[in-house]
There are 2 protein chains.
Amino acid sequence: MVCMSTVSKENYLKAIFNYNVNIGESATTKKIAEELSVSNAAITDMAKKLSEEGLISYEKYKGMELTTEGEKIALNVVRRHRLWELFLVKVLGLNWNEVHEEAEKLEHQTSEFLIDRIDEFLGYPEFDPHGHPIPSKNGTLPKTPKIIPLYEAEKGSTYEFVRVNDRDSELINYLMKVGLLLNTEMFIEDKLKFDESTMVTYNGKTISLSKKIAESIYVKLLKK
Amino acid sequence: MVCMSTVSKENYLKAIFNYNVNIGESATTKKIAEELSVSNAAITDMAKKLSEEGLISYEKYKGMELTTEGEKIALNVVRRHRLWELFLVKVLGLNWNEVHEEAEKLEHQTSEFLIDRIDEFLGYPEFDPHGHPIPSKNGTLPKTPKIIPLYEAEKGSTYEFVRVNDRDSELINYLMKVGLLLNTEMFIEDKLKFDESTMVTYNGKTISLSKKIAESIYVKLLKK
DNA sequence: ATCGCAACTTAAGCAAGCTTAACTTTTTTG
DNA sequence: CAAAAAAGTTAAGCTTGCTTAAGTTGCGAT
Ligand SMILES: [Mn+2]
Ligand SMILES: [Mn+2]
Ligand SMILES: [Mn+2]
Ligand SMILES: [Mn+2]
């Protein structure tokens with residue numbers, strides 16, 4: 001057999017995909033190892049296999065990049081992940097910080113038939129509950145507006161909160177606590193030098209967000 | 001570590017459970033091997049492990065039986081399986097012959113939190129789309145009325161179609177084609193000796209069902 | 001009662017996906 | 001630019017869940 005896709009392989013491909021998309025560079029052994037919580041040796045091992053199967057291009061000491069074939073699989077895994085996340089929020093009413101872990105498991109056990117039904121049921125949505133774009137059935141990503149970390153937002157401008165890292169459940173928990181939901185309009189009151197915090201106003205409320213938080217949430221410019 | 005539950009172990013326990021429930025006897029190596037499509041040797045192997053973990057009682061050459069602990073896990077797997085089946089039918093509109101395979105995978109990747117939300121969403125249902133009882137969160141099965149294979153039904157009596165094997169997608173497909181749905185009221189017109197078929201009337205339509213079909217669908221007596 | 005066959009178990013081995021430890025290459029830095 | 005540190009690779013070995021092949025047990029038919 002030319003070799004099947006497995007849960008493990010899907011996770012490797014997805015991790016490489018996310019790295020490529022977020023960082024825009026060839027994925028390194030170390031980073032993928034951290035992402036997947038396995039040893040560096042495991043990555044080198046799998047890199048050889050995926051390379052032989054034509055799913056990534058890999059040269060020793062030079063990092064990994066998805067081939068067209070590999071990207072196709074990765075996009076499919078991401079599609080299943082994000083559709084499940086949205087489905088769990090929309091249909092079962094889970095909170096947006098409760099869905100990532102569930103989707104992480106369901107994404108590997110969902111037939112194309114089923115995920116297409118979920119897609120259809122949701123009305124072919126373009127973004128998941130954290131603002132991540134959902135690949136369509138044929139592997140295309142919706143156009144995403146230019147977004148920046150809130151940390152880079154300019155004082156006096158107005159932004160829309162459009163994305164947050166889905167892996168940090170605690171962060172999302174905090175955002176829920178302070179009523180900062182996706183698509184909220186935020187005005188940048190001030191940026192403090194001394195602790196690098198950002199002061200924002202939304203829904204008539206003004207709060208100060210730490211550097212770490214401001215780096216983790218992403219916004220789209222609305223009004224300069 | 002005392003040893004985790006795995007997908008494989010869950011499937012072994014579920015198979016033994018189903019055997020015990022359906023046949024009412026200690027599960028044999030051969031039967032479970034067939035059910036799971038693995039070799040007899042694999043069963044013996046796993047029987048030792050499950051026995052050591054206290055999930056089944058097993059004596060060489062004497063078959064396998066679930067312990068209380070093992071049954072608890074099996075009931076939980078069955079609960080997840082049947083809730084998923086019903087959910088897919090009720091919410092996503094899948095046909096009752098399209099859900100078994102999906103549930104077979106999802107049942108192993110669903111947190112207790114998630115399955116409880118599904119249970120709640122469905123209103124704590126008692127039966128799945130094929131008429132199988134759904135174990136409650138605490139592991140109790142709903143009371144099931146006395147049911148018999150249609151093949152044993154008596155001429156001149158009226159029955160309700162209450163259960164069908166969920167594994168035979170082709171059979172269910174046929175039932176859909178002839179409009180024989182769960183909970184349909186059926187009158188036994190005749191039982192033919194020469195081909196052992198059963199003639200039934202439901203919804204004003206009369207058809208003849210082969211021995212094999214009449215053995216595979218289950219009914220509850222309504223009117224003698 | 002015992003023979004023969006079906007059922008069952010044991011033994012040896014394999015593939016996947018990991019690990020740790022030792023070694024090599026690349027990158028950083030004084 | 002050379003030495004040290006970091007990153008990456010290789011080698012050996014482990015666990016899980018299987019396989020096939022060989023050997024053992026139990027049971028129904030004679
Ligand atoms: Mn996620
Ligand atoms: Mn997400
Ligand atoms: Mn089923
Ligand atoms: Mn069922």
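Quantities reported herein were computed from a predicted structural model and do not represent experimental measurements. To find a chain, count down the sequence lines: A is the first, B the second, and so on, and within it residues start at 1.
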(request) For A:Met4 and C:dG17, give me the distance from atom CE to atom P, rounded to whole Å. (result) 11 Å
(request) Take atom CG of A:Leu50 and atom C1' of C:dC18, then tell me their distance rounded to the nearest Å. (result) 15 Å
(message) Going by the rule salt bridge (charged side-chain N to carboxylate O under 4.0 Å, His left out), which residues pair with A:Glu10 if we only count those two or more places apart in sequence or in a different chain?
(response) A:Arg80
(request) Could you list the residues that satisfy side-chain hydrogen bond (donor to acceptor under 3.5 Å, both in side chains) with B:Thr198, not counting sequence neighbours? (result) none
(request) Hey, could you give me each pair passing salt bridge (Lys or Arg N to Asp or Glu O under 4.0 Å) that has a residue in residues 55-76 of chain A? Not counting sequence neighbours. (result) none
(request) Quick one: which residue pairs count as a salt bridge (Lys or Arg N to Asp or Glu O under 4.0 Å) with a foot in residues 26-35 of chain A, not counting sequence neighbours? (result) A:Lys30-A:Glu34, A:Glu35-A:Arg167
Any N/O pairs under 3.5 Å between the protein and nucleotides 21-26 of chain C? List them or say none.
unit_1	atom_1	unit_2	atom_2	d
C:dT25	O4'	A:Tyr61	OH	3.4

(request) State whether a side-chain donor-acceptor pair under 3.5 Å links A:Gln109 with B:His108. (result) no
(request) Find the distance A:Glu52:CD to C:dG17:C1' and express it as a whole number of Å. (result) 15 Å
(message) Contact list please: residues 8-37 of chain A against DNA chain D, heavy atoms, distance less than 4.0 Å, in numerical order.
(response) A:Thr28, A:Thr29, A:Lys30
(message) Any non-hydrogen side-chain atom of A:Glu112 less than 4.5 Å from a side-chain atom of A:Lys137?
(response) yes
(request) Let me know the distance between NZ of A:Lys49 and P of C:dA15, rounded to the nearest Å. (result) 11 Å
(message) Going by ring-ring contact (aromatic ring centres under 6.0 Å, His included), name the pairs with one or both residues in residues 30-83 of chain A, residues two or more places apart or in two chains.
(response) A:His81-A:His100
(request) Using atom CE of B:Met46 as one end and atom C1' of C:dT9 as the other, report the distance to the nearest whole Å. (result) 16 Å
(message) Does D:dT10 have OP1 or OP2 under 4.0 Å away from a side-chain N or O of A:Lys48?
(response) yes
(request) Would you indicate, yes or no, if D:dG17 has its OP1 or OP2 atom less than 4.0 angstrom from a side-chain nitrogen or oxygen of B:Thr6? (result) yes
(request) Would you please name every residue forming a side-chain hydrogen bond (donor to acceptor under 3.5 Å, both in side chains) with B:Ser210, sequence neighbours left out? (result) none
(message) Tell me whether the side-chain N/O atoms of B:Thr44 come closer than 4.0 Å to OP1 or OP2 in C:dC8.
(response) no
Interface polar pairs with nucleotides 3-5 of chain C, N/O, under 3.5 angstrom:
none

(request) Sorted by first residue and then second, give each salt bridge (Lys or Arg N to Asp or Glu O under 4.0 Å) pair with at least one member in residues 38-50 of chain B; sequence neighbours left out. (result) none
(request) Can you tell me the distance, in whole Å, between the CG atom of A:Asp45 and the P atom of C:dA15? (result) 14 Å
(message) Among residues at least two apart in sequence or on other chains, which ones pass salt bridge (charged side-chain N to carboxylate O under 4.0 Å, His left out) with B:Lys9?
(response) B:Glu53
(message) Once ring-ring contact (aromatic ring centres under 6.0 Å, His included) is applied, what residue pairs with a partner in residues 28-50 of chain A remain, sequence neighbours excluded?
(response) none
(request) Take the protein atom CG of B:Asn40 and the nucleotide atom C1' of D:dA21, then report the distance between them rounded to whole Å. (result) 13 Å
(request) May I have the distance from B:Glu59 (atom CD) to D:dG26 (atom P), rounded to whole angstrom? (result) 10 Å
